[in-house]
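One structure below.
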Amino acid sequence: MEGENSIEKGLLLKNKEDRDSETTVTPLLVFTTFIIVSASFSFGIATGYTAGTMSSIMEDIDISIAQFSIFGSLLTFGGMIGAIFSATIADYFGRKMTLWVAEVFCISGWLAIALAKNIIWLDFGRFFVGIAVGLLSYVIPVYIAEITPKNVRGTFTFSNQLLQNCGLATAYYLGNFMSWRTIALIGIIPCLIQLCGLFFIPESPRWLAKECRDEECKVVLQKLRGTEADIVKESREIMISVEATANISMRSLFKRKYTRQLTIGVGLMLMQQLCGSTGIGYYAGKIFELAGFPSKIGMTVLSIVVVPKAILGMLIVDRWGRRPLLMTSASGICLSCILIALAFGLKGVPGIVNFTPVMVFIGILTYSMMFAAGIGALPWIIMSEIFPMDMKVVAGSLVSITNWFTGWIVSYCFNFMLIWSQTGTFSIFAMISGLTIIFAWCLVPETRGLTLEEIQLRRD
């Protein structure tokens, strides 16, 4: 058995040396990726929805700050529920079917919010949208990673973050002047685009291979790579990788041989949320108000800068690599949190108070740009790459649940933390961002330029 494994590994290593480093990007690959990530636009709207609509919703529905905090946090709580089932649904029913299920919840949720007459309908709608984004957050990066060639995998997977930031920017900007009910209806549009597009895109070739549908796998791979492409080597790698694995149980996941991947996956998700990203994304408008900076101006500027910064991250992720971009992003977030903490700490000090609004504005702006350029997408990209097929279901579920559960805690507690201490809140976020730099330096592997199968060989 060991001899057979050595032969298989030898074949894969030989293929790595023989294979051309560049693969043609086909129109079908671009179209398929666009359809897969289109729902991420709705995800982004959901993330930024509460930032500009907080005052109007509280006034129209007549709810308290505690009730609104629950409403805001239900997106992440629903995401946690969706994450519990995301990997299992994607594994048993396929990547496309998981997207279908997600869109049913997403459309239902947005409609409930748009038509809500009381807090119950608002909460149910937010919870349903949360379930949808919990499913999407796992299946989108995995789906894209499984259909794209190695030389553009990071760029294409990063497009998920780009579309999220486009949705986030839309919510920030429209929240300045548009009704919260209308914004909810706009959130449905990307879902409808994806529902129509799913009829015309192929299933993941790696999932087809796992289901022993080898001929379909080869046909789909040929379409994605182009009619002139030689897919023999790539399809053989996929077959060997799938045949050598079998789904493991949650209990088996904690064996020593999986410790490093699990630590990286869970650690990155914890770091992403504990640096305050969910709270700042949900309540950026309130932070501006507390600092004395005009909320509408702040939200408008944020809506302008997050998209170009995400585009920059998408362009350099396959040039710089995952680790350098992750550490750069975390460094920028750490410095911006220190600036915000310092600004609030100086608030009320004679002669310095007037600088607080500007310092907070610069800090939030820097935070949002650095998050969009790196740590917003990279934990999900790395998660989709480092886990082999045998542990993708249980490990993917675990890290997704970790992300959404932590996000739920942060989003619910954020308003209360600001009441406790604005300086203390951002000091905590700064320390965690600093730990992220150390974590990435010590543990996170570089996966740029490697196929998913080659990444697993390096692990072994």
Side-chain angles (χ1 to χ4, degrees), residues 44-45 47-55 72 161 164-176 271-310 312-313 328-347 352-377 407 410-411 413-434 436:
I45 292 177
T47 302
Y49 185 72
T50 53
T53 61
M54 182 174 178
S55 299
Q161 179 69 13
Q164 284 183 35
N165 278 278
C166 288
L168 184 70
T170 301
Y172 282 171
Y173 180 71
L174 296 181
N176 289 326
M271 300 292 182
Q272 184 196 62
Q273 291 294 350
L274 292 177
C275 71
S277 58
T278 301
I280 294 172
Y282 286 10
Y283 303 112
K286 182 177 180 180
I287 298 171
F288 286 135
E289 290 174 2
L290 288 172
F293 191 87
S295 179
K296 288 189 176 182
I297 295 176
M299 299 305 291
T300 301
V301 175
L302 279 182
S303 70
I304 294 172
V305 301
V306 292
V307 174
K309 204 65 179 179
L312 177 62
T328 302
S329 176
S331 299
I333 289 173
C334 181
L335 292 174
S336 63
C337 287
I338 291 173
L339 179 63
I340 298 169
L342 182 63
F344 279 118
L346 296 174
K347 188 177 180 180
I352 304 180
V353 64
N354 291 333
F355 289 102
T356 297
V358 176
M359 290 173 68
V360 169
F361 171 69
I362 294 172
I364 294 294
L365 195 65
T366 305
Y367 185 105
S368 300
M369 290 193 298
M370 297 308 295
F371 184 82
I375 201 171
V410 172
S411 62
C413 296
F414 189 78
N415 282 317
F416 302 108
M417 290 177 70
L418 291 179
I419 294 171
W420 161 66
S421 171
Q422 291 123 30
T423 299
T425 297
F426 286 97
S427 296
I428 292 171
F429 294 157
M431 287 187 288
I432 294 171
S433 301
T436 303

- Message: Using every non-hydrogen atom in the two residues, find where M299 and G285 come nearest and quote the distance to one decimal.
- Response: SD-N, 3.6 Å
- In this structure, OG of S331 is separated from CD1 of I375 (nearest 0.5 Å) by 10.0 Å
- Message: Using every non-hydrogen atom in the two residues, find where S368 and L302 come nearest and quote the distance to one decimal.
- Response: OG-CD2, 3.4 Å
- Note on the structure: Correct closest heavy-atom pair for C275 and I432 would be N-CG2, 4.0 Å
- Query: Would you call the rings of F361 and F293 parallel, tilted or perpendicular if under 30° counts as parallel and over 60° as perpendicular?
  - Reply: parallel
- CE-CD1 distance between M431 and I338, expressed to the nearest 0.5 angstrom: 10.0 Å
- Using the test ring pair (Phe, Tyr, Trp, His ring centres under 6.0 Å), find all partners of F429 that sit at least two apart in sequence or belong to another chain. F426
- Item | Minimum heavy-atom distance between T425 and S421, given as atom pair plus value | OG1-O, 2.7 Å
- What are the two closest heavy atoms between A372 and V306, and how far apart are they? CB-O, 3.7 Å
- Task: Find out whether T366 and L339 are in side-chain contact, i.e. whether some heavy atom of one side chain is under 4.5 Å from a heavy atom of the other.
- Result: no
- Task: Nearest 0.5 Å please: distance from the CG atom of L418 over to the CD atom of E289.
- Result: 11.5 Å
- Would you say S277's side chain and Q272's backbone share a donor-acceptor pair under 3.5 angstrom? yes
- Message: Can you confirm whether more than 12 heavy atoms, excluding those of Y173, are under 6.0 Å from its OH atom?
- Response: no
- Query: To the nearest 0.5 Å, how far apart are OG1 in T328 and CD1 in I333?
  - Reply: 11.0 Å
- Task: Quick one: list whatever passes side chain to side chain donor-acceptor pair (under 3.5 Å) with T278, sequence neighbours left out.
- Result: Q273
- Query: Less than 4.5 Å apart, any side-chain heavy atom of N165 and any of L168?
  - Reply: yes
- Query: Do T47 and Q164 come close enough that some side-chain heavy atom pair is under 4.5 Å?
  - Reply: no
- Message: Just so I know, are the side chains of I297 and F288 near enough to count as touching, which here means a heavy-atom distance under 4.5 Å?
- Response: no
- Task: Using atom types as modelled and distance alone, determine if a side-chain donor or acceptor of T356 lies under 3.5 Å from a backbone N or O of A343.
- Result: yes
- Spacing of CD1 belonging to I340 relative to OG belonging to S427, to within rounding of 0.5 Å: 10.5 Å
- Message: Measuring only between side-chain heavy atoms, which start at C-beta, is Y367 closer than 4.5 Å to I287?
- Response: no
- To the nearest 0.5 Å, how far apart are NZ in K286 and CG in N415? 4.0 Å
- Query: Is it true that a side-chain atom of S329 and a backbone atom of M370 form a donor plus acceptor pair closer than 3.5 Å?
  - Reply: yes
- Could you pull out the closest heavy-atom pair between A284 and A51, with the gap in Å? N-CB, 4.3 Å
